[in-house]
Amino acid sequence: MAETVRQGRPERAAPGRRLVAAGIIRRTPDRTITFRVTQAGATGVITKQVTR
């Protein structure tokens with residue numbers, strides 16, 4: 001049988017810890033909404049725009 005040869009990155013051990021996060025920032029004329037999710041939990045903030 002023919003031997004299979006893999007090309008590309010060499011094999012590496014997987015890291016012990018991997019950061020996984022996702023988030024959004026949404027801006028409207030009167031407020032900004034920031035939301036972030038990680039494995040540890042979720043956090044969010046709604047702030048009103050300051051008129052100048």
Side-chain angles (χ1 to χ4, degrees):
M1 275 195 137
E3 188 175 320
T4 303
V5 177
R6 289 184 67 192
Q7 294 179 350
R9 296 188 316 189
E11 292 295 321
R12 291 188 280 164
R17 189 175 137 186
R18 177 175 279 172
L19 176 63
V20 178
I24 63 163
I25 297 174
R26 177 183 242 177
R27 291 185 175 91
T28 62
D30 59 339
R31 68 182 75 172
T32 300
I33 301 169
T34 306
F35 184 73
R36 182 176 171 164
V37 179
T38 65
Q39 290 177 329
T43 183
V45 177
I46 299 173
T47 54
K48 292 185 178 182
Q49 296 292 339
V50 177
T51 56
R52 295 181 186 188

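Of the inter-residue distances, the one linking I25 atom CD1 with R36 atom CZ reads 10.5 Å to the nearest 0.5 angstrom. To the nearest 0.5 angstrom, T47 atom OG1 is 8.5 Å from R27 atom CZ. Expressed to the nearest 0.5 Å, how far CZ of R26 lies from CD1 of I33 amounts to 6.5 Å.
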Using side-chain contact (heavy atoms from CB on, under 4.5 Å), reason through T32 and Q49 one step at a time and then give a plain yes or no.
CA-CA 7 Å; T32 300; Q49 296 292 339; 2.6 Å; yes
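Annotation for A42 and F35: closest pair CB-CZ, 4.1 Å, computed over non-hydrogen atoms.
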